[in-house]
Trainee: 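I have a structure I would like to understand better, so I am pasting it below and will then ask my questions one at a time.
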Amino acid sequence: LMATEVQLAEIALRAAREIGSGDEVGDVLIAKLPDLTEDRRAVVYVALGDLGAEKALPVLLEAAKSGATATRAAGWASTARRSLGTRPRC
């Protein structure tokens, strides 16, 4: 997630999705959010929505209310995806 190259960060998030849903992976991603740039946080919000971790919902709702436009959009989309129970294919 902290990689300067976008492709490496995307690989890390894909691996997180493939590890499976659950709070453990979600907790790690949530803990890293303060260290990430606004753009990188938006991508992590999408991954959190895909994982469906219980602790992710308040984080996603907060993201949907604040931050840059891309961050808010990612927060709303991820909240909706999590609520509807849909997951994209990796």
Side-chain angles (χ1 to χ4, degrees):
L1 293 176
M2 305 301 289
T4 55
E5 293 184 38
V6 174
Q7 292 173 336
L8 291 177
E10 290 174 356
I11 290 169
L13 290 173
R14 187 174 298 125
R17 286 182 184 108
E18 290 176 4
I19 288 171
S21 62
D23 289 327
E24 188 174 339
V25 174
D27 289 348
V28 171
L29 292 176
I30 291 168
K32 289 292 182 187
L33 286 170
D35 302 328
L36 302 175
T37 64
E38 189 83 23
D39 291 340
R40 196 64 57 92
R41 280 196 299 267
V43 177
V44 172
Y45 293 139
V46 173
L48 286 170
D50 294 346
L51 290 170
E54 287 299 317
K55 292 180 185 175
L57 187 57
V59 173
L60 294 173
L61 288 172
E62 184 59 35
K65 293 190 254 180
S66 63
T69 302
T71 302
R72 290 194 314 270
W76 282 119
S78 298
T79 300
R81 185 172 21 253
R82 186 190 176 287
S83 297
L84 296 172
T86 59
R87 290 181 60 177
R89 289 181 254 179
C90 295

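Here the structure is a predicted model, which means the values were calculated and not measured. Keep in mind that the numbers below use all heavy atoms, side chains included, and drop hydrogens, waters and symmetry copies.
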Trainee: For the residue pair L60 and Y45, what are the closest heavy atoms and their distance?
Mentor: CD2-O, 3.4 Å

Trainee: Identify the two heavy atoms, one from A56 and one from L48, that lie closest to each other, and give their separation to 0.1 Å.
Mentor: CB-CB, 4.0 Å

Trainee: Between CZ of R41 and CG of L29, what distance do you get to the nearest 0.5 Å?
Mentor: 14.0 Å

Trainee: Going by side chain to side chain donor-acceptor pair (under 3.5 Å), name the residues that satisfy it together with E62, two or more places apart in sequence or in a different chain.
Mentor: none

Trainee: Go through K55 and I30 one step at a time and tell me if the side-chain contact (heavy atoms from CB on, under 4.5 Å) criterion holds.
Mentor: CA-CA 8 Å; K55 292 180 185 175; I30 291 168; 4.0 Å; yes

